[in-house]
Amino acid sequence: MTVSTLLNNIYRVLREHFGYLNWWPAETPFEVVIGTVLTQNVAWSNVEKSILQLKEQGLLDLTRLLTSKPEIVKRCIMPSGYYNVKYHRLMELLTFIKNELKGDILNLKKFDLLTARNKLLSIRGVGKETADSILLYALDFPIFVVDAYTKRTFYRVGILKRRDMDYDKVQEIFMKNLKRDVKLYNDYHAQIVELSKNYCKKVPICESCPIKRLCRRIID
DNA sequence: TTCCGGATGC
DNA sequence: GCATCTGGAA
């Protein structure tokens, strides 16, 4: 079976199992942006608490976030952990949106994909996964998001030769072997997260895993 | 490689 | 208790 066929078959089985997930769990593109920073290396359930607290304080707003006292914002985002570094990362990103994009993240759509990506990557606190998450989930750019789950799970499946393969290399494998489709990239990443949280965990549960027939089970 | 860090499940 | 959680910078 070719890599392309395998990747597409895995998606079909996952979607059959979990249903269409339609990420990102947020109400607005701005909320997606906030979420991408807050979710860095933490569980999404913790981010939900932070977003809710920001909403309750009326702080889910560019100007209000930038002008509020640091302690106020930090208290809201505390459930997401790393609140000191994440506060500064948020400010860097929001300042960029204010100064370079006239206060609206959607203005990034006026640039081509690579230019938009490089602009995001130039911001302190925005790495490849965060940048790609914003591009895909807030702006509907056709780019595949790679995360720690993606590497772990597809190393085990047998598609990635090493667990610590370079981000761009992994991304290239997915994008070269899948149809260039925003909705597909969107849902596939969501499916991978769901699979990795529930089955392909650090200690995997292979017996009941939906893709066990397609997996080579390379565990460490 | 190490630090950042509270919430959650086991 | 303790391991883990949709990373990124130094």
Side-chain angles (χ1 to χ4, degrees), chain A residues 10-11 14 18 20-26 29 31-54 56 70-96 117-139 141 143-157 160 163-171 174 182 184-205 208 219-220:
Chain A
I10 288 173
Y11 176 67
L14 286 176
F18 292 114
Y20 185 53
L21 297 174
N22 192 30
W23 266 17
W24 184 283
E31 203 175 309
V32 174
V33 170
I34 303 297
T36 58
V37 173
L38 293 183
T39 198
Q40 290 170 358
N41 206 34
V42 301
W44 180 253
S45 59
N46 291 358
V47 179
E48 284 181 320
K49 283 188 106 177
S50 299
I51 299 273
L52 188 63
Q53 294 194 46
L54 287 172
E56 286 172 352
E71 307 83 65
I72 303 293
V73 178
K74 286 180 182 178
R75 194 180 308 140
C76 289
I77 67 174
M78 197 168 297
S80 306
Y82 312 108
Y83 54 87
N84 282 308
V85 288
K86 283 181 179 176
Y87 170 77
H88 289 291
R89 289 177 184 181
L90 271 181
M91 291 305 120
E92 293 271 351
L93 182 48
L94 296 177
T95 299
F96 168 82
R117 189 172 196 256
N118 284 330
K119 283 181 180 294
L120 288 172
L121 287 176
S122 71
I123 303 167
R124 289 166 55 87
V126 178
K128 290 172 180 173
E129 184 184 340
T130 302
D132 290 342
S133 295
I134 292 172
L135 292 170
L136 177 65
Y137 290 109
L139 304 172
F141 274 110
I143 190 153
F144 198 89
V145 175
V146 175
D147 63 355
Y149 284 154
T150 310
K151 291 183 182 177
R152 182 176 74 200
T153 295
F154 284 83
Y155 169 73
R156 289 172 174 173
V157 167
L160 305 181
R163 279 171 306 180
D164 58 341
M165 199 174 295
D166 181 67
Y167 184 100
D168 295 310
K169 181 62 188 166
V170 176
Q171 185 176 58
F174 278 86
V182 174
L184 174 62
Y185 291 169
N186 177 318
D187 196 50
Y188 207 146
H189 175 67
Q191 299 287 350
I192 291 170
V193 172
E194 210 57 35
L195 175 70
S196 304
K197 273 167 62 176
N198 295 303
Y199 298 99
C200 206
K201 305 195 275 194
K202 192 137 193 179
V203 180
I205 306 170
S208 55
I219 311 296
D220 294 323

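Numbers restart at 1 for each chain; the letters A, B, ... are given by sequence-line order, proteins then strands.
Between the CD atom of A/Glu48 and the P atom of B/dG6 there is a distance of 20 Å, rounded to whole Å. Between the P atom of C/dC5 and the OH atom of A/Tyr83 lies a distance of 22 Å, rounded to the nearest Å. Rounded to a whole Å, the CH2 atom of A/Trp44 is 15 Å from the C1' atom of B/dA7. Look at NZ on A/Lys74: it is 13 Å from P on B/dG6, rounded to the nearest Å.
Among the nucleotides C/dG8, B/dT8, B/dC4, the one closest to the side chain of A/Ser45 is B/dT8. For A/Lys49, the listed nucleotide lying nearest its side chain is B/dA7; candidates were B/dG6, C/dC5, B/dA7.
When heavy atoms are screened at a 4.0 angstrom cut-off, A/Lys201 is found touching no nucleic acid atom at all. Residue-level contact check: A/Arg152 touches the backbone only, with heavy atoms under 4.0 Å from sugar-phosphate atoms and none from bases. Note on A/Val126: only backbone sugar-phosphate atoms sit closer than 4.0 angstrom, heavy atoms only; bases stay farther off. Counting non-hydrogen atoms under 4.0 angstrom, A/Gly127 reaches the backbone sugars and phosphates but no base. Within the 4.0 angstrom heavy-atom criterion, base atoms lie near A/Ser80. Here A/Ala148 lies in heavy-atom contact (under 4.0 Å) with sugar-phosphate atoms only.
Taking atom P in both C/dA3 and B/dT2, the straight-line distance is 16 Å, to the nearest Å.
Note on A/Asn46: every side-chain N or O is 4.0 Å or more away from OP1 and OP2 of B/dA7. Dashed line: the shortest gap from a side-chain N or O of A/Arg124 to OP1 or OP2 of C/dA10 is under 4.0 Å.
Screening A/Asn186, A/Val182, A/Val33 against A/Tyr137 for a side-chain contact (heavy atoms from CB on, under 4.5 Å) leaves a single residue, A/Asn186. Only one option out of A/Leu184, A/Val145, A/Leu21, A/Val146 pairs with A/His189 in a side-chain contact (heavy atoms from CB on, under 4.5 Å); it is A/Val145.
Of the residues in residues 128-135 of chain A, none lies under 4.0 Å from DNA chain B by heavy-atom distance.
Between A/Arg89 and A/Pro79, it is A/Arg89 whose nearest contact on DNA chain B lies nearer the 5' terminus. Both A/Lys202 and A/Val85 lie near DNA chain C, and the one whose nearest nucleotide falls closer to the 5' end is A/Lys202.
In this structure, the separation between CE on A/Met78 and CG on A/Asn46 is 13.0 Å, given to the nearest 0.5 Å.
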